[in-house]
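Below is one structure, written out as structure tokens; the observations come after it.
The chains referred to below are lettered A, B, ... by the order of the sequence lines, with proteins before strands, and numbering in each begins at 1. Note that the structure is predicted; figures quoted are calculated from it, not measured.
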Amino acid sequence: MKEEIYQTFCPGCGVGCGLYIREDPEGNTSVDFMKSSPANLGKLCRFGMKVPYHYSKARTMVTGSKADIEDAIKAAAHRMADADSVTMLSVGNTTSEEHMAFCRIAETLGTRVDTGVFPLPSQITSKCGSYPEGISLDEMEKAKRIALFLDPYVQYPLIVRRLLAAKRNGAGIVAVGTKELHLADETLDIGPDRYDELGLDDKSLIVADIHPNSDPVHVKQLLDLAGRCGAKIHFMQPFINSTGVNLALKANGSMMALAQIMEDIEAGNIRTLVTLDSDPVELMPDAAAAVETLKKLDNLIVISSRASPVTELADVVIATEPVYMKAGTFMNVEGRLQENSGSGVAGIDAMSLLNGELGGKRFDYQQLHYIFMKSIGDPGTDVGDVTADKAEQMECGSVDVDNAGSSVPEGMYQLKYLYNPFMWFDQKDDNDFVLIDRKLVKKLGLKKGGMVVLGSENGKMKMRYRVENIPGGMIMTAKKIPVATGPNTIISLEGC
Amino acid sequence: MNAISRDTGAMSENRRFIMDQKEIINDTKDADEPRIGVFVCECGVNIGGVINCQEVADYAGSLPNVVNSSVNKYTCSDSGQSEIKQAIRDNDLNRVLVAACTPKTHEPIFRACVEEAGLNPYLFEFVNIREHCSWIHMQEKEKATRKAKELVRMGVSRAIQLEPLESNEVPVTDAALVIGAGVAGMQAALDIADMGHKVYLVEKNPSIGGKMAQLDKTFPTNDCSICILGPKMVEVARNKNIELMTYSEIDEVDGYVGNFKVKVRHKARYIDTVSCTGCGLCVEKCPVEVPNVEFNEGIGTRKAIYVPFPQAVPLRALVDRSVCIDCNACVKACNSSSVDMEQEDSFSELDVGVIVVTTGFEVYDPEPTHDFGYGLYDNVITGMELERLINASGPTMGKLVRPGDVTSPKRIGFIQCVGSRDKNSNRYCSSFCCMYALKDAQLIREKYPDSEVYIMYMDMRTPFRNYEEFYDRARDMGIKFIRGKPGKVTEKEDGNLIVRVEDTLTNSILELDLDMLVLSVGAVSGDSNERIRQILKVSRAADGFMMEAHPKLKPVDTTLDGIFIGGVTQGPKDIPYSVSQGSACAARATRYLSQGKAITEGITVDVNEDVCVSCGICVPMCPFQALSLEEGKLNVIKALCKGCGTCAVACPTGALQQNHFSNNQLLAQVRSVFAFEEE
Amino acid sequence: MADNREWEPKIVAFCCNWCSYGGADTAGMGRFQQPSSLRVIRVMCSGRIDPLHVFNAFLEGADAVLVTGCHIGDCHYVNGNYKTQVRHQFLEEMVKEMGLEPERLHLNWISASEGEKFANFVRDVTEQIKKIGPSPLKPEGVN
Amino acid sequence: MVEIGDKVLGYATDPGIRNRGASGGMVTAILAAALERGLVDSVIVLRHINEYEAVPVITDDVDEVLASAGSMHTVPVNLAKYAAGRKVAMPGKPCDVRAVFEQAKRNEIDIDNTFIIGLNCGGTMHPVLTREMLVRMYEIDPEDVVGEKIDKGKLFFRTKDGEEKAIPIDDLEDAGYGRRESCRYCDVKIPVNADLACGNWGVIGELAGNATFCEVMNGKGVRLLENAIESGYVQIEPAGEQSIAIREKVNSAMLSLGEKWSARVFTEIPEEQRINYYMEQFADCIDCGACKEACPVCTCDEDSKCTMYHSLADDYKMSMYHMVRLLHLSDSCIGCGQCSDVCPVDIPVTSIFRRFADPAQKKHNYKAGMTLERPPFLEVMLK
């Protein structure tokens, strides 16, 4: 009876919930609660409860057939060395150390690593009253007024208790542009031009999120709002280590959003894509289109701990151990540095080998760990709150408020994604419905228990619906659906 | 531990993901999506006079998955049915919903109708808008129409969820077990055997014959009971298809229709039944004499080794070891060395396809309650004791004497309904007591014309051919009838009995001085019946007898397929009725045996093995033993399942589902009770 | 239905096939007039009625739920109604603890011959519910 | 030698185990003996992660069992689920034992093959809140703590420089720290349903802190204890009358404290407010399913009635999932508090479940998890 128990963190979002992964002798994994984990007290959301679904182990492959790791590394090196326009993508879903290793390869190739997110949270200036790594979640409980630009229940459930605590401490909570939230005192369906009506001041907190499909304009609008009223701003982020990755990137990150990368591939400007635990098929709203785009690449090199759609498309897959087995650190959204109990360094070693093949220097885990710790200004200590302020600063002046983007043709609706970990990782979930306004029910003559047909240029599909109080003209869903063509899709809607 | 985990067959899933992206889109029409036809019946004016059927049909047409809706004058008529069949063909329907009357009468008709059109009969849905709507809202036509629409909406959402079901077939072992070899059991065994099937006839007593063998004469013809029964007993013993197991008891029964496994215990007789000839030499030598309780109701004696009665089948001796003094006199006396004091109980395992239960009854025992002084006064006896007293082969060779002083009684009274029709003991009528009292009274009057016979009764019940005439004859013979139940019986010093009774016809209180009093005791189910009932899990009726599946239409079936009950097992009845029930059981049972297969209920439960966690909570819920945990897995024996669905409720995981009444189907119905206010 | 008609409750009744559904039929055959509030759902045995179904009916908007079956001792499936009774005790207690009015959940044994009893039962419950009004669990905009 | 009903004082013979163990290392020694001599195939122990955290592991390694010696008050896990399908020995708080019985009723655990050394339990604490409490109430750095104990209603912490600080538990709990809420009103303190009921209550005189009071509850207990004595792991002596009386006194003091807490937690909610109260409580539920996953009496897999017919698409005023569970658990909830512990939105799940389970269980004169004799779920009345 040998059962392995790993202390690790949920990869779903930046909260970085501590948990145990148990692995039985047959390799079946299950979650157990780690009650002493300070970020979450052992509590887990739906994604956390289902984390084993996430760990579908990748297999090392070369052009679609199983290969051993050295051959794969050689094949990858061969393809990368000859390529002229290489783009490297790591959204922050792996350890800081592996990310550093990935950056080393980029250096050898003379390129930079993208996180697919624009703008980088680390580039948000402190002038805007926020910490680069966000505020500590404990601090969220002390805010006097909170403006929510996300749906915590669906998107970042582990902050619900923080918000409830804030409310118990007397905070007023307003939900902006999202569905009616039980914990919010009011829901306001207002555009950026009316954000001042939110009544925020320097004791207030703005909670929003930044992710690969974020609208930069929206982010700037929020930063601008924070700057104007002196409120703190806290950006939630998907992926376990997006904060750490951003910090590690200070020097050699580029600022391409994922959509930009995909456009460049489409346009032939990018011919080779190397990804580290990042799957554009899963990340892009229109998965089918993403598949077509990726097929246009000359080289698609995937370094990944888990099997996902992109490993099916890749020319070379370099498989690493599952995240929970890895040695390494993660930095959560509040800047808390957390360390896995695992000792797996296969991913690092593979990247070291790859770097060597490409003519760069070899490295090992210890080196990278040291460099990372140093880069965040905290060498030697392994746990603790990090509030580094070394990030490059970005000008955060006023931004043109662009409301024209929301012009929706008569009889059409805007489909808005409530991004959540299930969507990012395209995991099975029971959010198989769209949210619809009560007025729409009447307008479309919907039958109780019936379905709606969503239509876009991608085609039509049937879906269940739930009646909620949501902003007018909008359809929301927490499920990735094939008719979507982008983060905001204009769709037609009919009852059936 | 129920942690979430899965094996990592991720590759194929991802491939599917990429393909799915294209497939999901544009797939708003499912190939085998339900296509429902709705038929609203006007039932003449029964429905049409209250409900606007056209409006209902139009509304049905607007519901999802309904492709065809129409109104018929009489949907169940030939033309209505052919319209359904036509619509199935024309519109490629795969579900049919009829909104008409009650499924209890008409569902079979429409199921057959859709089956003829090629649909699985379980894809038919019935909505009751007559009994449950038009007839109960006759003055509120608008409300009734609205309700009818909603009922149809509920039906449609259930119809969408319907699934085809198949009845199950199980092979049937070509052998029958008949438990109890009284006259009903003998009849059943003979009939089944004569139809060419193997029969095991198990009798707990050392001889077959049952209660009828003890009787003197039988009404209404007064022919000698054992004279007509004897040949039948011999016939049973001779029949090659019947394997007789006397002095044997059923220990265990397992399995289900067609495949019962039965464990029979053969009690030790201490006699080799093969070599024993029943000559009786051993009996003569036996020094131990005890009352003959078994056959003569305790009147007279038998030895420790004895032959049950002269006409016993099999005619073999047996030893009552509880009184035997081990003198071995019998062993020495036996010419064929048949006595074996070392014998032990032996066992047989039988495989049978059907079981007929004809375990009969016990005579009501007035002793514990001392009804009318029984057990206190020597000269109060029961009807069955009287049978033995007047029987020519009985302990007195047919001479009627009273037990107290062995003198011939001259004034004899019968009290009817002892242990029957009594709210304090048994509420039911034992049905044969009137007739046997009439018979015994006649026999006494015939033999002893100087005797006076009184019958004290509440009602005289004489149905069936020649019974009333028999009653008339009794009256003609000078038997005195007193309508009234005696209040008090006291014993005089000479052993005579004073009976106070009110004659309710003359409103006079009578005080009779009688030599002997006969209590016309009724029938009760008794402990050994109860034991068998529990082994078989047959239901128990309120009167303690076993319960038939339906009091009118399935009088010898039980709710358990393949198990039949006949004769007094099901409730008190006389000999002709018992014999015909024996035959009825044989006919019902042979249906399975001759077909060689049994069709079981289509509506059963199914277990979803992926979801079942083998907690076993459901197992004791099933009254039919259809569920069992075998090697950590739940096993459903479809042949035993009656489809009540109570186990599905107990199941915490929802792994157990009752087909045709699945949670999805019922919840769909519940959910469509309601609609948006704007709809 | 925003007119001035008197509010009519929605009552979901689960009836066993052998007795209480027959009772409802008999009520119809006897033309015992009833309020049109009742929606009958047929099951084979009252033992099939899952608390799950009862909860779902309430959450969907039922103003009352009736669970009906054969009289104790008359069950077609030996003792299904006895199990119903035991389950009902738990259900009843739960409904009470939850603060739902006890009038909203009823268990009744009605045989196939008791048409009048069935009709009276429906009338009684409908009257009770009309007095206490719509269920607090009824979703907005649903009836 | 040992008989059912015996009350003894015992300790590990090995000085190392005896010192490391909280009360003479007896429980550890019995577990080790059971494993070593083949009474069981494996043992459930807590593997220490840090001073405030331990994770249950199933082990067949005697050394790991011995290494687990020492009790922790900040490990509020329930061990029953780990015992499923094994021939195992385990230590158990009363709620662990009760959960084992509920699992056994559902065929998940074979009670004859599960040896439970019960531990008296006055309550457990949440590790993160304990750290917070140390900082705020004790003004001690959590990392400096080397030992803890509960004595005479006070909670003691010992730091590495040898200092000890105590605060009355009542004070801690009034401030929102101390024992988990479900422990405060728990009504089983001595695990009389276990095979052996062990604890330091009633250990007096020079043995205090150095031995365990142990009551032999049944035949399995006899086997466990005899096995440990025969193998030389454990020594026992009969408990004196004074010991027995003190143990009883501690128990009844704890129980009456529990009753007081119970009255405090379960304040009557007026009937007309209840439905709103419960709707409000569950309104923040994010449907993570953790309360079901953590529930030690639930043997269902992921798919079960509470989840299968509960859909996020339904716009219900109250959660179908919770309603189904409230009923299902009304006859089997043992009040262990696991569900509240793992609720990511801090719904007081346990106390809500108790509000439904208490009246139902009392009405049927039934206390879940105490014996095997009463069957689970609504079958309670059926024969």
Side-chain angles (χ1 to χ4, degrees), chain B residues 101-105 126 128 130-140 142-144 146-147 150-151 154 158 537-542 547 549-550 559 603 621-624 642-651 654 658 660-661 663 666-667 669-679, chain C residues 1-2 5 8 10-12 14 16-18 21-22 24-54 56-57 60-62 73-80 83-84 87 112 115 119 122 138-143:
Chain B
C101 51
T102 175
K104 297 202 70 159
T105 56
F126 211 147
N128 186 344
R130 190 178 76 179
E131 282 85 346
H132 292 188
C133 195
S134 69
W135 278 353
I136 55 172
H137 311 305
M138 297 179 91
Q139 309 309 321
E140 301 176 294
E142 202 180 311
K143 279 187 178 176
R146 188 145 34 102
K147 176 171 171 180
E150 297 193 8
L151 292 174
M154 289 162 66
R158 181 175 145 84
K537 322 281 183 200
V538 173
S539 314
R540 181 180 185 275
M547 193 149 96
H550 190 280
T559 51
I603 300 173
M621 280 286 156
C622 180
F624 310 108
K642 292 273 168 186
C644 65
T646 182
C647 56
V649 177
C651 177
Q658 186 191 7
H660 213 58
F661 291 92
N663 284 333
L666 293 173
L667 292 182
Q669 239 173 322
V670 169
R671 287 171 188 222
S672 51
V673 169
F674 308 94
F676 289 130
E677 273 165 359
E678 310 67 273
E679 252 177 53
Chain C
M1 305 284 166
R5 260 200 303 255
E8 176 132 275
K10 275 257 171 91
I11 301 173
V12 175
F14 295 95
C16 86
N17 182 57
W18 306 100
Y21 191 91
D25 281 353
T26 310
M29 285 182 254
R31 311 295 194 276
F32 293 113
Q33 300 301 297
Q34 304 160 29
S36 63
S37 52
L38 197 72
R39 302 291 177 271
V40 170
I41 293 174
R42 183 168 68 122
V43 287
M44 293 310 279
C45 175
S46 63
R48 172 68 188 106
I49 303 162
D50 200 317
L52 182 83
H53 307 146
V54 176
N56 200 244
E60 283 285 341
D74 290 352
C75 180
H76 192 78
Y77 304 100
V78 186
N79 55 9
K83 290 165 200 159
T84 312
R87 286 170 186 147
V122 176
K138 197 189 277 285
E140 204 183 314
V142 163
N143 198 15

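- Atom CZ of residue B:F661 and atom CD1 of residue C:I41 lie 11.0 Å apart, to the nearest 0.5 angstrom.
- Closest heavy-atom contact between C:R39 and B:L151: CD-CD2, 4.0 Å.
- Checked by atom type and distance alone, the side chain of C:K83 never pairs as donor or acceptor with a backbone atom of B:T646 at under 3.5 Å.
- Of all heavy-atom pairs between B:I136 and C:G28, the closest is CG2-CA, 3.7 Å.
- Taking both residues in full, the closest heavy atoms of C:Y77 and B:F624 are given as CA-CZ, 3.7 Å, listed atom of the first, atom of the second, then distance.
- Here the closest non-hydrogen pair linking B:P103 and C:Y21 is CD-OH, 3.2 Å.
- Contact annotation: the side chain of C:V43 never approaches that of B:Q669 to less than 4.5 Å [non-hydrogen atoms, C-beta and beyond].
- Among B:S134, B:G645, B:A648, the residue making the largest number of heavy-atom pairs under 4.5 Å with chain C is B:G645.
- Using a 4.5 Å cut-off between heavy atoms, C:F14 contacts chain B through its side chain alone, with no backbone atom that close.
- Closest approach of C:C45 to B:C644, counting heavy atoms only: CB-O, 3.7 Å.
- In this structure, C:V40 and B:N128 have side chains that are not in contact, with every pair of non-hydrogen atoms separated by 4.5 Å or more.
- Counting only distance, with no hydrogens or angles, the side chain of B:H137 and the backbone of C:Q33 share no donor-acceptor pair below 3.5 Å.
- With a 4.5 angstrom heavy-atom cutoff, C:A119 does not touch chain B via any of its atoms.
- Taking CG of C:D50 as the start and CG of B:L666 as the end, the distance is 9.0 Å to the nearest 0.5 Å.
- Taking C:G22, C:G30, C:S36 one by one and counting their heavy-atom pairs under 4.5 Å with chain B, the maximum is reached by C:S36.
- Side-chain contact check for B:N663 versus C:H53: some heavy-atom pair is nearer than 4.5 Å.
- Residues B:V649 and C:P51 are in side-chain contact: their nearest non-hydrogen atoms beyond the backbone lie under 4.5 Å apart.
- Heavy atoms closer than 4.5 Å to chain B are found in the backbone of C:F32, but not in its side chain.
- Residue C:V12 touches chain B through its side chain alone, counting heavy-atom pairs closer than 4.5 Å.
- Judged by distance alone, the side chain of B:K147 and the main-chain N or O of C:L38 form a donor-acceptor pair under 3.5 Å.
- Residues B:T102 and C:R42 bring no donor and acceptor atom of their side chains to less than 3.5 Å of each other.
- Counting heavy atoms from C-beta on, the side chains of C:K10 and B:V673 come closer than 4.5 Å.
- Contacts of C:P139 with chain B are absent, with no heavy-atom separation under 4.5 Å from either backbone or side chain.
- Every residue two or more places apart in sequence or in another chain that forms a side-chain contact (heavy atoms from CB on, under 4.5 Å) with C:A24 is listed here: B:H132, C:F118.
- For B:M138, the parts lying near chain C are the backbone and the side chain together; criterion is any non-hydrogen pair under 4.5 Å.
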